[in-house]
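Here is how names work: the chains are called A, B, and so on, in the same order as the sequence lines, proteins then strands, and each is numbered from 1. From a predicted model like this one, the values you see are computed outputs, not experimental measurements.
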There are 2 protein chains.
Amino acid sequence: MEAGESPVIRRFSRIFTLTDDERRWLEAVAGPHRTSSPRRDIIQQGRPIPFVAVVQDGWLFRYKRREDGRRQILSFVLPGDLVGLHRRVVPVGGHALQSITPTRLATMSDTQISALAAEQPRLADAMFRLSALELAMMHEHALRLGRMSARERVAHLLLELWTRLRCTGECTSTRFFFPLTQEMLADALGLSVMHIHRMLRDLQNEELISFEDRRLTLRDTEALAELAEFDPTYLGLRRNFALE
Amino acid sequence: MEAGESPVIRRFSRIFTLTDDERRWLEAVAGPHRTSSPRRDIIQQGRPIPFVAVVQDGWLFRYKRREDGRRQILSFVLPGDLVGLHRRVVPVGGHALQSITPTRLATMSDTQISALAAEQPRLADAMFRLSALELAMMHEHALRLGRMSARERVAHLLLELWTRLRCTGECTSTRFFFPLTQEMLADALGLSVMHIHRMLRDLQNEELISFEDRRLTLRDTEALAELAEFDPTYLGLRRNFALE
DNA sequence: CAAATTGCATAACACACGTTATGGACAATG
DNA sequence: CATTGTCCATAACGTGTGTTATGCAATTTG
């Protein structure tokens, strides 16, 4: 895995070894780039999905909002992830997509997408696999929300984010840039801001994690993984990937 | 929508009008049928996905189990639903599939699946749409688990099941066969059995629902929908489908 | 046909987590 | 450069939901 490659290529490289042709195709597919400042709704709930794109840079999240204002964050979207993939079959999205940091998306035209299956069947498979992975992450998210304690939920989510970042080379140690607010964590994990705060304080006091600046350090990944029963196989990685 | 048709055909008919050719293809695609008695694991967590199939009859659910024995039910699988769709790209499943009632599955061969895109592009699209729907239901499930009260969760799930059953013609009134135990509801909704019991008792006392035999009656669907902010558009149906 | 298990029910008690209130550091804004 | 808002922090208190115990009818099992 070379430095300087786009996150998509690093992402696909995890699935299989890319041929030069496929590599070129992936580099060429990126249509016009769309940039966005932080805290902008890029796709709105109940509105048409405007494009298919690959995240080149930045963090985002998908969320649903209830009439009374309560918000549920469904998933975090990191560099190398795809958005809007279901545009062709479900033109109107049931959830919104919001940027957390400044972001850069590489859009893909509808014609490129529909030509994919015929021209690059292995890449089409890889995309299918990525969308299967998205479902698998939602399954794990349901497990977190339904059957984990607050403490476990926090630890589990932090480990998932760390693992996904390492998977595309966005992170190479146990410290990484962490732009999520406590409110976002609360809305992702089905908890109150107060309680997220308590859990983060506890984990810090126990020296399992620490914050400096806007950076998070996982000080004892094994203890965290045991605490949360974290097993990254659902991310399409082998069991001990997190402990390398 | 005619009686006696297989649930798959009724399901696909909701998406678009099937040609005679497509109808024949769908009827022919059903390979060997697999039947199962209640409470059997048909697919096991961490084991290869043995086949792709359409549910012809019966209720099932997908679930994950934690090391300490706690269980999270991810989704309920009803007649007309597809299972094992990701087999080709993710051979090992991250969750199990269990039958609730006696079930009948119509399996589809791998060659049929891979020929689908070329031979029946509209059916392939419909399947893609069904898998997008599965993701949308997981999103709604996350919303239930993370940001609804126990009372709302119960009402919302009952309405979802009712709507899905009506969608394939399994149910035509507000009363339907309901094989879920309180334990299953608890494990689906992230609650304790005791609390599910409390909520069901309350809803019964308020005459919003009632049970006779193993049949559930929704006595006031509008009140339930308002209570739970239920809006079936995420099921690919128009907003007021539930109130027809 | 016993025996064991499952599903449902009621009650008392416990606690994990939510709510509300308040303040301070910092960043964004006019 | 005030001003406003955001994010984080600490504290006291309230409650929705979990836990444990127990019984009984219906079902499954040997």
Side-chain angles (χ1 to χ4, degrees), chain A residues 37-40 59 61 66 68-73 98-102 144-155 157 177-205 209-216 227-228, chain B residues 37-40 59 61 66 68-73 98-102 144-155 157 177-205 209-216 227-228:
Chain A
S37 47
R39 308 302 179 92
R40 291 276 176 278
W59 290 38
F61 61 87
R66 301 192 67 197
D68 61 5
R70 305 181 81 166
R71 180 177 72 167
Q72 176 64 46
I73 290 181
Q98 182 168 125
S99 59
I100 299 169
T101 65
R144 260 194 309 243
L145 290 168
R147 284 292 181 246
M148 290 192 192
S149 70
R151 187 180 162 81
E152 291 171 323
R153 290 183 214 185
V154 172
L157 178 58
F177 174 64
F178 191 79
L180 305 188
T181 64
Q182 294 183 353
E183 190 182 12
M184 290 178 201
L185 287 171
D187 285 342
L189 296 175
L191 298 164
S192 68
V193 178
M194 257 315 307
H195 207 58
I196 288 289
H197 176 248
R198 283 196 274 257
M199 296 300 107
L200 289 176
R201 174 165 47 64
D202 290 354
L203 291 174
Q204 277 175 294
N205 287 342
I209 65 174
S210 63
F211 287 93
E212 311 99 19
D213 208 1
R214 293 186 79 187
R215 300 190 145 271
L216 168 65
L227 188 169
Chain B
S37 46
R39 309 299 182 92
R40 292 277 174 276
W59 290 39
F61 61 87
R66 302 192 66 196
D68 61 7
R70 307 181 78 168
R71 179 177 74 165
Q72 177 64 45
I73 291 182
Q98 182 168 125
S99 59
I100 299 170
T101 65
R144 259 193 310 245
L145 290 167
R147 283 289 181 249
M148 289 191 194
S149 69
R151 185 180 164 82
E152 291 170 323
R153 290 184 215 185
V154 172
L157 178 59
F177 174 63
F178 191 79
L180 305 187
T181 64
Q182 295 183 353
E183 190 182 13
M184 290 178 201
L185 286 171
D187 286 343
L189 296 176
L191 298 164
S192 68
V193 178
M194 257 314 307
H195 207 59
I196 288 288
H197 176 248
R198 282 196 275 257
M199 296 300 107
L200 289 177
R201 175 165 46 65
D202 290 355
L203 291 175
Q204 278 175 292
N205 288 342
I209 65 174
S210 64
F211 286 93
E212 311 97 18
D213 208 1
R214 293 186 82 186
R215 299 189 145 273
L216 168 66
L227 188 171

Original post:
His197(A) NE2 to dA11(D) C1': how many Å, rounded?
Top reply: 11 Å
**OP:** Round to the nearest Å and state the distance from Asp213(A) atom CG to dC7(D) atom P.
**Re:** 16 Å
**OP:** Take atom CG of Leu185(A) and atom C1' of dT6(D), then tell me their distance rounded to the nearest Å.
**Re:** 16 Å
**OP:** Ignoring backbone atoms, test whether Arg201(B) places a side-chain nitrogen or oxygen under 4.0 Å from the OP1 or OP2 oxygen of dA11(C).
**Re:** no
**OP:** Respond yes when some side-chain nitrogen or oxygen of Gln182(A) is under 4.0 Å from OP1 or OP2 of dA9(D), and no when none is.
**Re:** yes
Original post:
Which sits closer to the 5' end of DNA chain D, Arg147(A) or Leu180(A), going by the nucleotide each is nearest to?
Top reply: Leu180(A)
Original post:
What's the CZ-C1' distance between Arg214(A) and dA27(C), to the nearest Å?
Top reply: 11 Å
**OP:** May I have the distance from Gln204(A) (atom CD) to dT10(D) (atom C1'), rounded to whole angstrom?
**Re:** 14 Å
**OP:** Assess whether one donor atom and one acceptor atom, taken from the side chain of Arg198(A) and the base of dG18(C), lie less than 3.5 Å apart.
**Re:** yes
Subject >> Nearest atoms (heavy-atom pairs only) where Ala228(B) meets Glu152(B) >> reply: CB-O, 3.7 Å
Subject >> Heavy-atom side-chain contact between Arg66(B) and Met148(A) under 4.5 Å >> reply: yes
**OP:** Measure the shortest side-chain to side-chain distance between Leu185(B) and Leu157(B) over non-hydrogen atoms and say whether it is less than 4.5 angstrom.
**Re:** yes
**OP:** Remember a base hit wins even if backbone is also touched, and classify Ser192(A) as base, sugar-phosphate or nothing at under 4.0 Å, heavy atoms.
**Re:** base
Original post:
Quick one: which of dC7(D), dT17(D), dC17(C) gets closest to the side chain of Leu191(A)?
Top reply: dC17(C)
Original post:
Roughly how many Å is it from CE in Met194(A) to C1' in dT22(C), rounded to a whole number?
Top reply: 12 Å
Subject >> From Arg71(B), Arg70(B), Gln182(B), residue fulfilling side-chain hydrogen bond (donor to acceptor under 3.5 Å, both in side chains) relative to Asp187(B) >> reply: Arg71(B)
**OP:** Measure from CZ on Phe211(B) to C1' on dC8(C) and round the result to the nearest Å.
**Re:** 11 Å
Original post:
Roughly how many Å is it from CE in Met199(A) to C1' in dA16(C), rounded to a whole number?
Top reply: 8 Å
**OP:** Determine: side-chain N/O of Arg39(A) to OP1/OP2 of dC7(D), distance under 4.0 Å, yes or no.
**Re:** yes
**OP:** Indicate yes or no: at least one non-hydrogen side-chain atom of Thr101(B) is less than 4.5 angstrom from one of Phe177(B).
**Re:** yes
